[in-house]
Amino acid sequence: MVLYRSQKIMKTKEMIDLVLKGISELMPLALLMLLAFAIGDACNALGTGQFVANWSKDWLSPAFLPAVIFVISSFIAFSTGTSWGTFAIMMAISMPMAEIHDAPLPLIVAATLGVGFLETTVRQFPTLPLSPPWLLPAII
């Protein structure tokens with residue numbers, strides 16, 4: 001901004017207007033992140049991960065746990081349309097499951113995160129209201 005102003009490329013009012021416009025365009029991403037972390041906190045507070053892990057420990061083999069986590073995460077990513085929401089929901093569920101089932105934690109994390117990255121990569125255009133894959137690169 002200093003260089004633009006010193007070279008008289010833009011006026012101060014024009015720069016302020018552009019900064020405020022940029023901030024307002026990033027507000028949907030901030031709201032999406034807020035909702036994703038709220039869902040994750042709600043899952044943690046309700047003990048969803050402990051409940052699901054205790055419910056499934058008798059019949060679910062630790063060898064199949066990464067595949068099951070991947071399939072469930074895929075369904076959530078497709079249903080919600082947001083990789084951040086998938087991360088928040090499934091990390092709260094898959095971490096306690098990995099502990100109780102004695103499954104390899106890095107593999108469970110990879111299954112959870114892999115779906116979100118795959119969903120963001122495959123979905124190049126928005127199909128659901130909470131699926132703005134173009135907003136994250138705008139922040140970076």
For this session: Look up atom CG in L65 and atom CD1 in I108, then write down how far apart they are to the nearest 0.5 Å.
Result: 3.5 Å

Seminar exercise, completed: Applied to residues 30-65, the ring-ring contact (aromatic ring centres under 6.0 Å, His included) test, sequence neighbours excluded, yields W55-W59

Exercise. How far does NZ of K57 sit from CE of M97, to the nearest 0.5 angstrom?
Worked result: 12.0 Å

Problem set entry | Side chains of M91 and L113 in contact at under 4.5 Å (non-hydrogen atoms) | yes

Exercise. Roughly how far, to the nearest 0.5 Å, is the CD1 atom of I89 from the CD1 atom of I39?
Worked result: 4.5 Å

Exercise. Quick one: do I76 and L60 end up in the same hydrophobic cluster if we chain Ile, Leu, Val, Met, Phe, Trp and Tyr together by side-chain heavy atoms under 4.5 Å apart?
Worked result: yes

Problem set entry | salt bridge (Lys or Arg N to Asp or Glu O under 4.0 Å) between K21 and D17, intermediate numbers included | CA-CA 6 Å; K21 182 181 176 191; D17 289 343; over 6 Å; no

Seminar exercise, completed: Closest non-hydrogen contact found for A103 with P62 is CB-O, 4.2 Å

Exercise. Cut-off 3.5 Å, side chains only: do S94 and T112 have a donor facing an acceptor?
Worked result: yes

Exercise. With hydrophobic residues grouped by side-chain heavy-atom distances under 4.5 Å, do M15 and L18 end up in a single group?
Worked result: yes

Exercise. Rounded to the nearest 0.5 Å, how far does CD of E25 lie from CG of L20?
Worked result: 11.5 Å

Problem set entry | Inter- and intrachain pairs under ring-ring contact (aromatic ring centres under 6.0 Å, His included), touching residues 86-106, at least two apart | W84-F87, F87-F117

Exercise. Once you round to the nearest 0.5 Å, how far does CE of M10 lie from CD1 of I16?
Worked result: 12.0 Å

Seminar exercise, completed: Rounded to the nearest 0.5 angstrom, the CD1-CD1 distance for I72 and I93 is 7.5 Å

